[in-house]
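Here the structure is laid out as structure tokens; the discussion comes afterwards.
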Amino acid sequence: MNTTLKHWKEAATLILAAGRGRGFTPRPPLTGESSSGQSHLHHRSLFDYDVLLLKRSGKSGFMPNAYVFPGGVVDASDFSSEWLDIFRSFTNSPTFGLRSVKQHLETRPPIFATDRLKLGSPIPGEVALRICALRETFEESGVLLVAPKIEEKKMLKNIKDFEPSNFIRMCRELQVLPNIWALHEWGNWLTPASRYGTTRFDTAFFICCLQEIPHTLQDDKEIERFQWSTPSEILQSYQAQKLWIAPPQFYELSRLCRFPLLNDLHNFASQRATAGCEQWMPVVVSNDEHLISLLPGDKLYPVDSPRDSEAAKNTVPPSKDHQDASPLHRIVISDRYTLRLQITITPKYNHVLPVAHSAVSHDSKSHKL
């Protein structure tokens, strides 16, 4: 746990995708798909998996009522030396058996690159962040991802008063390991300045694919409800103003639309993870028409944008024609429920671009993406 950070809280979140009981079953491409399985059609029938979203409590101090992926703030127990005993079969490996990331240390996001031993913890950051994501997923949804597979019902009896430090004790008593190896590094999003109150998070994003949707429940404290839906269904519901998601969720769900098949998503996520990822701190600027959330690589993104910088005060000229060669990597925010992606860059670290969905007018009867 990095207590040296003044303005940030480290966090971890999990994009959890699960098949609908059919497992990883490839099929021939449908009309409109490329041979790679990528598609610009987004009907439910194209997807053979759902993604877990949780609705935050309306009383939450951070993004109340938002639909989010499971996750939360890193707790000191995630870095506890007690995990050394639980993972004792793996402690000979620098990262407890996790595959090494090829990305050079100097380009790694600080949340992954920080030497935790110098901060007093023998638990590597890549391990502790996964433990955090797994713990929070269990606390918020009752979904417990452990190895080996064991009876979960006895663990689901009472998670409403579950304390973070109890996760260590539970794993020890049940003789299970948090399945850190099932979580693949996906990204690193930081809260923009002055967007969601004073609290700002440096969040590691992981992804995990399951063959079947697990038994799920909400904690009734931080979470009001849960739902399993396809990426396209979530985006359609968002544009129809039936639910609200933050821009990072919009971006990542649009990226998942590249993979209608769970098997393709799983293979891509697993293979790509060792390449590393880029730290993204959106810088929000405005013009006369809307807000623009700039991401690294965009022609207007500040060259030096340290995590402790304040919100950019500059404005941008009204958009004209973006068909030129200038690099774009931005989310155009027309209103709370209308986001538009403008991206011409090539993604780094073997990642994929999100599918760009056309915006929908809210007075239209059609909510088709």
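For clarity, every value in this text was computed on a predicted model and none was experimentally measured. When reading the values below, keep in mind they use all heavy atoms of this one structure, side chains included, and skip hydrogens, waters and symmetry mates.
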Point to revise | Under the ring-ring contact (aromatic ring centres under 6.0 Å, His included) test, residues paired with Phe206 that sit two or more places apart | key: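 So Phe206 forms no ring-ring contact (aromatic ring centres under 6.0 Å, His included) with any residue.
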Study note, to complete from the structure: ring-ring contact (aromatic ring centres under 6.0 Å, His included) filter on Phe96, not counting sequence neighbours, yields Phe87
Exercise for review: Answer yes or no: is there an ion pair linking Arg135 with Asp75, defined by an N-O contact shorter than 4.0 Å?
Suggested key: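 A salt bridge is absent here (no side-chain N lies under 4.0 Å from a carboxylate O).
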Check your understanding: Less than 4.0 Å between a side-chain N and a carboxylate O, is that true for Arg340 and Glu289?
Key ->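 Result for this pair is no, no salt bridge flagged.
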Identify, with sequence neighbours excluded, every residue that meets side chain to side chain donor-acceptor pair (under 3.5 Å) alongside [X].
X: Asn92; answer: none
X: Trp189; answer: Glu252
X: Glu126; answer: Arg108
X: Arg225; answer: Tyr67, Gln227

Closest non-hydrogen atom pair between [X] and [Y], with its separation:
X: Ser81; Y: Pro122; result: CB-CG, 3.9 Å
X: His184; Y: Ala269; result: CB-O, 3.7 Å
X: Leu183; Y: Ala133; result: CD2-CB, 3.9 Å
X: Ile292; Y: Asn287; result: CD1-ND2, 4.2 Å
X: Leu294; Y: Val285; result: CD1-CG2, 4.0 Å
X: Leu235; Y: Cys257; result: CD1-SG, 3.9 Å

Practice item. Describe, in one word, how the ring planes of His351 and Phe268 are oriented to each other, choosing from parallel (under 30°), tilted (30 to 60°) and perpendicular (over 60°). Key: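 Rings of His351 and Phe268: tilted, as their planes differ by 30° to 60°.
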Exercise for review: Return the orientation label for the Tyr238 and Tyr337 ring planes: parallel under 30°, perpendicular over 60°, tilted otherwise.
Suggested key: tilted
Listed by chain and number, what are the side-chain contact (heavy atoms from CB on, under 4.5 Å) partners of [X], not counting sequence neighbours?
X: Gln271; result: Asn267
X: Pro296; result: Glu278, Trp280, Tyr301
X: Ser100; result: none
X: Ser293; result: Pro282, Val284, Ile331, Ile333

Roughly how far, to the nearest 0.5 Å, is the [atom2] atom of [Y] from the [atom1] atom of [X]?
X: Thr344; Y: Lys299; atom1: OG1; atom2: NZ; value: 8.5 Å
X: Leu16; Y: Ile207; atom1: CG; atom2: CD1; value: 9.0 Å
X: His290; Y: Thr338; atom1: NE2; atom2: OG1; value: 11.5 Å
X: Asp50; Y: Leu262; atom1: CG; atom2: CG; value: 10.0 Å
X: Ser254; Y: Ile343; atom1: OG; atom2: CD1; value: 8.5 Å
X: Lys9; Y: Arg200; atom1: NZ; atom2: CZ; value: 13.5 Å

With a 3.5 Å distance limit and no angle check, can you tell me whether [X] reaches the backbone of [Y] through a side-chain donor-acceptor pair?
X: Asp78; Y: Ala128; answer: no
X: Ser80; Y: Ser77; answer: no
X: Thr230; Y: Phe47; answer: no
X: Arg116; Y: Phe79; answer: no
X: Asn65; Y: Lys55; answer: no
X: Thr191; Y: Phe201; answer: yes
X: Gln249; Y: Leu253; answer: no
X: Ser141; Y: Thr216; answer: no
X: Arg172; Y: Ile86; answer: no
X: Arg272; Y: Gly276; answer: yes

Practice item. Start with the C-alpha distance between Leu341 and Val355, add both sets of side-chain angles, then the distance that settles side-chain contact (heavy atoms from CB on, under 4.5 Å), and finish with yes or no. Key: CA-CA 8 Å; Leu341 299 170; Val355 172; over 6 Å; no
If two hydrophobic side chains count as joined below 4.5 Å and joins carry through other members, does [X] share a cluster with [Y]?
X: Ile213; Y: Leu54; answer: yes
X: Val127; Y: Leu117; answer: no
X: Val101; Y: Phe205; answer: no
X: Ile123; Y: Ile111; answer: yes
X: Met170; Y: Trp83; answer: yes

Point to revise | Evaluation steps, side-chain contact (heavy atoms from CB on, under 4.5 Å), between Phe69 and Val51 | key: CA-CA 9 Å; Phe69 303 124; Val51 174; 3.9 Å; yes
How about [X] and [Y]: do any of their side-chain heavy atoms sit closer than 4.5 Å?
X: Pro109; Y: Gln103; value: yes
X: Leu14; Y: Cys208; value: yes
X: Arg255; Y: Pro231; value: no
X: Cys171; Y: Pro178; value: yes

Check your understanding: In this structure, which one of Leu256, Leu210, Leu261 forms a side-chain contact (heavy atoms from CB on, under 4.5 Å) with Tyr49?
Key -> Leu256
Practice item. Could you point out which residue of Thr95, Leu129, Ile131 forms a side-chain contact (heavy atoms from CB on, under 4.5 Å) with Ile180? Key: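 In the set Thr95, Leu129, Ile131, the residue that makes a side-chain contact (heavy atoms from CB on, under 4.5 Å) with Ile180 is Ile131.
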Point to revise | Trp8/Leu190 under side-chain contact (heavy atoms from CB on, under 4.5 Å): CA gap, chis, key distance, verdict | key: CA-CA 9 Å; Trp8 297 92; Leu190 278 68; 3.7 Å; yes
Exercise for review: For Leu144 and Phe167, run side-chain contact (heavy atoms from CB on, under 4.5 Å): C-alpha distance rounded to whole Å, both residues' side-chain angles, the deciding distance at 0.1 Å, then the answer.
Suggested key: CA-CA 11 Å; Leu144 182 64; Phe167 194 54; 3.8 Å; yes
Review point. Do Phe90 and Trp181 have ring centres separated by under 6.0 Å?
Key: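 Yes, they do, as the ring centres are separated by less than 6.0 Å.
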